[in-house]
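Okay, structure first, notes after.
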Amino acid sequence: MANQDAVLGEEYPHKVTAEYDNQSEADRAVKALADQAGVPPAQVRLVKPHGSDEMARQVEPESRGVRQSLIKSHVRLGLAGLILGVALAGVLVVFGPTATQSSPLMTFIALGFLCTVLALLLAGAISMRPDHDRVLHKTRAATEAGQWTVVVHCADAEQRDRVKDTIDHSAQTL
């Protein structure tokens, strides 16, 4: 997952959250994000306490991006797995043990299928975004505890680091 943009379709794949005890502290954080970190207001969400119905949408507003991530990751990684499997089979048919040399068609089918399936499983794991579960659980807990949560959707790791430095050391980073 070194280059997530190659397989993810989200415009803002990184998230930073911070909880505050009251609205004025949360508003100060939002203002500091705009003034000091240069984060546009469209990338910042303020989640109200006590079970706001819009909490999930504020944390994960990109339903289209999630769909794009599913499609993009499965197509790209599936094709990469197939190519890797066929290449590996080619090497084994030429230089491998007698079993792979005596049955080249089965070697290509088996390795092409196996590598494709493994790549698709990896794509599924990436698409589920288990890293976002932490943010959802943390935000839900803060909301139920009566705290305000500032959720910042960052376009890249550099912006994520600026936001985290601006908010404070208690921010949750993804």
Side-chain angles (χ1 to χ4, degrees), residues 1-18 37-40 42-45 47 54-142 149-167 169 171-174:
M1 278 186 356
N3 185 5
Q4 288 186 336
D5 295 336
V7 292
L8 293 180
E10 297 175 56
E11 190 175 346
Y12 303 110
H14 304 282
K15 309 220 181 307
V16 178
T17 65
V39 177
Q43 289 179 235
V44 180
R45 302 284 192 275
V47 181
E54 294 293 317
M55 193 259 318
R57 180 163 285 140
Q58 289 172 328
V59 175
E60 283 290 348
E62 293 186 77
S63 61
R64 183 172 183 263
V66 172
R67 186 176 340 111
Q68 286 295 105
S69 291
L70 281 167
I71 294 168
K72 201 174 181 183
S73 66
H74 281 81
V75 168
R76 289 186 180 191
L77 291 178
L79 286 173
L82 178 63
I83 291 168
L84 176 68
V86 169
L88 184 60
V91 169
L92 288 174
V93 165
V94 175
F95 301 110
T98 307
T100 59
Q101 290 180 352
S102 66
S103 183
L105 180 62
M106 288 308 294
T107 302
F108 277 100
I109 291 172
L111 287 176
F113 178 77
L114 178 66
C115 289
T116 301
V117 168
L118 291 175
L120 289 172
L121 285 171
L122 177 63
I126 291 170
S127 298
M128 288 186 338
R129 299 302 308 260
D131 55 334
H132 287 198
D133 284 346
R134 289 184 310 179
V135 168
L136 284 168
H137 291 298
K138 186 177 175 189
T139 304
R140 183 172 290 120
T149 304
V150 175
V151 181
V152 185
H153 303 276
C154 304
D156 54 32
E158 180 184 317
Q159 186 180 39
R160 180 193 63 202
D161 294 339
R162 276 195 331 263
V163 166
K164 187 167 180 176
D165 291 341
T166 302
I167 289 182
H169 65 286
Q172 172 84 31
T173 306
L174 293 181

Report yes if the side chains of [X] and [Y] come closer than 4.5 Å at any heavy-atom pair, otherwise no.
X	Y	answer
Val150	Thr17	no
Leu120	His74	yes
Arg76	Lys72	yes

task = In sequence, state the C-alpha distance, the side-chain angles, and the governing distance for Val151 and Val44, and then conclude on side chain to side chain contact (heavy atoms under 4.5 Å, CB included).
result = CA-CA 6 Å; Val151 181; Val44 180; over 6 Å; no

At what distance, to the nearest 0.5 angstrom, does [atom1] of [X] lie from [atom2] of [Y]?
X	Y	atom1	atom2	result
Leu111	Leu118	CG	CG	10.5 Å
Ile126	Leu121	CD1	CG	11.0 Å
Arg45	Lys15	CZ	NZ	9.0 Å
Gln159	Thr166	CD	OG1	10.0 Å
Arg160	Asp165	CZ	CG	11.0 Å

Enumerate donor-acceptor pairs with a distance under 3.5 Å from any side-chain N or O in residues 78-98 to protein atoms, sequence neighbours excluded.
none

Side-chain donor/acceptor of Gln43 to backbone N/O of His153, under 3.5 Å = yes

